[in-house]
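Each chain gets a letter, A, B and so on, in the order its sequence line appears, and its residues count up from 1. The figures here come from the full heavy-atom set of this structure, side chains too, leaving out hydrogens, waters and symmetry mates.
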Protein chains: 2
Amino acid sequence: MSQTYSISELAKALDVTPRAIRFYEEQGMLSPERRGQERVYSSRDLVALKLILRGKRIGFSLAECKELIDMYDPTGGNAKQLNRFLEKITERRGQLEQQMLDIQQMQLELDTAEERCRAAMERIP
Amino acid sequence: MSQTYSISELAKALDVTPRAIRFYEEQGMLSPERRGQERVYSSRDLVALKLILRGKRIGFSLAECKELIDMYDPTGGNAKQLNRFLEKITERRGQLEQQMLDIQQMQLELDTAEERCRAAMERIP
DNA sequence: CCTTACCTTTACGTTAACGTAAATCTGGCT
DNA sequence: AGCCAGATTTACGTTAACGTAAAGGTAAGG
C-alpha cells in the first residue's frame, strides 16, 4: 500500500499551514480520505498540493490552479468539455510564454539595477 | 521636449484603469507632474507603470514592484542602503530562477494534460 | 451660457486567500 | 481515570488591490 499523510505531516513537508490545506479542500482542490474524523492524504493529494503551490509561485490564483487540477483527469468529460479543456490548455501555454518573457526582462532590469548600484557605490566609497 | 500623457491616455495605452494608476501613485510607485490639478505623465512614468504590470503578470505584489522601482535610481543612497539593494537583487534573481523552473514544470504538465485529453477524446469519438 | 468630456478627491465596498481564536473531540500514554 | 498532543468544525478578522459611486472643478465646443 502507498504512502499516506496526516494533515500536519503534509503541511510540514510542503511548508504550508494546515489551515491553508483545509481551505484548498474547501475550494474543491483536494479530496483526502477520512479515517473516522481525520483526513488522510495520499500521494495523489501530495501531487495536487505541490501543483497548487507551484501555481501560486508564478502568480496563479487558486481558481486557475483548480482548473489545472480538474484537467488532470479528463476521463469522464464529454466531447464539448474536452474541447474546452484543450482551449484552456492553449491559452495557458500562451500565458506561460508571456511570463517567461517577463521574467527574462526582469532579469535584464536586475542587471542594470545592479550596475547602477555598483556605480553609485564607486562614487561614495 | 518629450512625450507626455494624460491619465486616460496612459490607461488606454497600457490597458489599465485610471483608478489603478492613481492607486499606484498613492502607493508611492508613480509621481507624475501636475499641470494645475491634472496629472501629467512622462515617459519615465510609462516605464515605471510597465514595470508594475510586468511584475504583476509574474505574481509580484505591488510592494515587491515598488522595491524594484525604488532600486531603479540608487543615486542618493548611503553605503548601507546600497548593500541592502544588492542583497535584494540577489534574492530576486533566485526567485526568478525558481519561477522559470516552475513555468517549465507547468509546461510539461500541460503537455501530459493535453495528451490525456486527446486520449479521452479517442475513446468517445 | 450650457453641455459634454475629462479630470479631481473622498469614501465606502468587494474579493481572494487565508489567519486566528474558541470549542470540541479523539487516541495514546501513565 | 486523567491528561496531552494533534485533529476537527465554526466563525469572525485581516490584507491587498483595486472597483464603484458621489460630488465637484475646468476647458472646449455649439
Under 3.5 Å, which donor-acceptor pairs do the side chains of residues 12-25 of chain A form with other protein atoms, sequence neighbours left out?
from	atom 1	to	atom 2	distance (Å)
T17(A)	OG1	A20(A)	N	3.0
E25(A)	OE1	R39(A)	NE	2.6

Write out all pairs satisfying salt bridge (Lys or Arg N to Asp or Glu O under 4.0 Å) with one or both partners inside residues 40-52 of chain B, taking only residues at least two apart or from two chains.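 Qualifying pairs, neighbours excluded: none.
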When you check every protein heavy atom under 4.0 Å of nucleotides 3-9 of chain C, what one-letter string (B, S, -) results, 5' to 3'? ---SSBB
Which residues satisfy the side chain to side chain donor-acceptor pair (under 3.5 Å) test with E67(B), sequence neighbours excluded?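 Scan of E67(B) (side chain to side chain donor-acceptor pair (under 3.5 Å), adjacent residues dropped) gives K88(B).
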Run the side chain to side chain donor-acceptor pair (under 3.5 Å) test against R93(A) and tell me which residues pass, sequence neighbours left out.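 Residues passing side chain to side chain donor-acceptor pair (under 3.5 Å) with R93(A): D111(B), E114(B).
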Please list each protein N or O that sits under 3.5 Å from an N or O in nucleotides 15-19 of chain C, with the distance.
from	atom 1	to	atom 2	distance (Å)
dA17(C)	OP1	L62(A)	N	2.8
dC18(C)	OP1	Y24(A)	OH	3.4
dC18(C)	OP1	K56(A)	NZ	2.9
dC18(C)	OP2	Y24(A)	OH	2.8
dC18(C)	OP2	K56(A)	NZ	3.0
dG19(C)	OP2	T17(A)	OG1	2.7
dG19(C)	N7	R19(A)	NE	3.2
dG19(C)	O6	R19(A)	NH2	3.0

Given side chains that start at C-beta, do those of Q104(A) and M100(B) come closer than 4.5 Å, heavy atoms only?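 Yes, close enough: below the 4.5 Å cut-off.
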Report the distance from atom CD of E26(A) to atom P of dT9(D), rounded to the nearest whole Å.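 Interatomic distance, CD of E26(A) to P of dT9(D): 10 Å.
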Could you give the CG-to-C1' distance, from L10(A) to dT8(D), as a whole number of Å?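 In whole Å, dT8(D) C1' lies 17 Å from L10(A) CG.
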Those residues that, when tested against [X], pass salt bridge (Lys or Arg N to Asp or Glu O under 4.0 Å) (two or more places apart):
{"X": "E64(B)", "answer": "R92(B)"}
{"X": "R54(B)", "answer": "E109(A)"}
{"X": "E87(B)", "answer": "R84(B)"}

